[in-house]
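This report refers to the structure that appears directly beneath it.
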Amino acid sequence: ERPPEPPVVAVGLVARDRGGRLLLVERGHPPHKGRWSLPGGRVEGGETIAVAAARELREETGLEAAVGDIAGVVERIGEGFHYLIVDLWAELGDDAVPVAGGDAADALLVGLDELPGYSLSPGLAGFLAGIGCWPEGAPVPDDLPGLAPGRPPARGPGAEPPDAPS
């Protein structure tokens with residue numbers, strides 16, 4: 001049996017405009033094709049996470065943004081993939097109009113109160129709730145499969161990563 005591949009380092013952007021709307025992209029490829037997620041992707045060799053985040057934002061939405069601090073770190077493991085994702089805050093300009101490109105099938109700005117109506121990538125709602133980007137009082141779907149038996153999934157900033165398989 002072949003050992004699993006090492007995790008891929010990736011970035012995501014929690015990009016909001018001054019009105020508080022959140023930028024979402026519809027995934028055009030697996031995993032989770034057709035679900036809505038944060039823009040982002042793999043960090044290329046020699047890139048800082050901020051440079052990678054800005055590049056992915058341009059490729060997937062055509063937008064530029066002021067990339068800021070780390071919003072959180074999440075780990076996603078599934079059949080055929082293992083990502084360690086560093087999510088960064090980003091501030092969009094007032095005239096931001098996303099246009100889908102690259103891996104994104106669609107891109108749009110969404111009010112936080114509208115988020116529960118979207119089919120989000122597994123675990124995204126819990127992550128957004130953990131960083132204050134989910135409508136207050138709205139139920140948060142628990143749709144992230146556990147990564148280790150008997151252990152709850154990691155959520156949001158400061159969450160402990162799941163035990164690594166031995």
Side-chain angles (χ1 to χ4, degrees), residues 2-16 22-92 96 98-110 115 118-134 141 143-148 151-165:
R2 212 175 89 183
E5 294 291 320
V8 173
V9 177
V11 291
L13 281 136
V14 183
R16 296 177 71 178
L22 180 69
L23 179 62
L24 293 178
V25 294
E26 183 182 8
R27 295 189 53 83
H29 301 285
H32 314 301
K33 181 180 177 179
R35 307 281 294 265
W36 293 88
S37 193
L38 300 175
R42 296 170 188 244
V43 176
E44 302 294 335
E47 282 185 318
T48 65
I49 57 173
V51 167
R55 176 185 50 77
E56 286 287 345
L57 181 65
R58 276 191 310 276
E59 289 175 4
E60 292 187 356
T61 69
L63 297 175
E64 302 280 335
V67 177
D69 293 334
I70 294 173
V73 178
V74 296
E75 185 173 40
R76 299 290 182 250
I77 301 173
E79 191 170 324
F81 67 89
H82 182 177
Y83 293 106
L84 182 65
I85 307 166
V86 181
D87 289 300
L88 302 168
W89 293 106
E91 186 177 325
L92 298 169
V99 176
D103 295 347
D106 198 359
L108 46 82
L109 286 161
V110 177
L115 287 172
Y118 283 82
S119 178
L120 302 176
S121 291
L124 182 57
F127 174 76
L128 292 173
I131 60 171
C133 291
W134 190 257
D143 59 358
L144 184 63
L147 302 177
R151 204 62 211 271
R155 299 239 188 216
E160 284 187 42
D163 291 331

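Keep in mind the model is a prediction, meaning the values are calculated, not measured.
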R55: which residues meet the side-chain hydrogen bond (donor to acceptor under 3.5 Å, both in side chains) condition with it, sequence neighbours left out?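 Checked R55 against side-chain hydrogen bond (donor to acceptor under 3.5 Å, both in side chains); matches are E47, E59.
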Mind checking what makes side-chain hydrogen bond (donor to acceptor under 3.5 Å, both in side chains) contact with H82, not counting sequence neighbours?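 Counting only residues at least two positions away or on another chain, H82 forms a side-chain hydrogen bond (donor to acceptor under 3.5 Å, both in side chains) with E75.
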Report the C-alpha distance between L22 and L128 in whole Å, list the side-chain angles of each, state the deciding distance to 0.1 Å, and finish with yes or no for side-chain contact (heavy atoms from CB on, under 4.5 Å). CA-CA 10 Å; L22 180 69; L128 292 173; 3.9 Å; yes
If you define the side chain from C-beta out and look only at heavy atoms, does anything of R76 sit under 4.5 Å from P122?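 No, side chains not in contact.
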As a quick check of understanding, evaluate side-chain contact (heavy atoms from CB on, under 4.5 Å) for V25 and D103, giving each step before the final call. CA-CA 9 Å; V25 294; D103 295 347; over 6 Å; no
Can you pull the ring-ring contact (aromatic ring centres under 6.0 Å, His included) pairs that have at least one residue in residues 33-61, sequence neighbours excluded?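 Output for this query lists W36-Y118.
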Euclidean distance, L109 CG relative to L24 CG, rounded to 0.5 Å: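 That separation rounds to 8.5 Å.
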Measuring from atom CG of D87 to atom CG of L13, what distance do you get when rounded to the nearest 0.5 angstrom?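 Going from the CG atom of D87 to the CG atom of L13 covers 8.0 Å.
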side-chain contact (heavy atoms from CB on, under 4.5 Å) partners for [X], two or more places apart:
X   : result
A54 : R58, V67
V8  : R42, Y83
R27 : P31, H32, S37, S121

Compare every heavy atom of [Y] with every heavy atom of [X], then report the nearest pair and how far apart it is.
X    : Y    : result
L57  : A65  : CD2-CB, 3.4 Å
I49  : L88  : O-CD1, 3.7 Å
P39  : T61  : CB-CG2, 4.5 Å
L115 : L120 : O-CD1, 4.3 Å
V73  : L84  : CG1-CD1, 3.9 Å
A107 : E60  : CB-O, 4.3 Å

Given L38, which of I85, L23, V11, V14 fulfils the side chain to side chain contact (heavy atoms under 4.5 Å, CB included) condition?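 The passing option is V14.
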Can you pull the salt bridge (charged side-chain N to carboxylate O under 4.0 Å, His left out) pairs that have at least one residue in residues 121-130, sequence neighbours excluded?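 Those involving residues 121-130 do not exist here.
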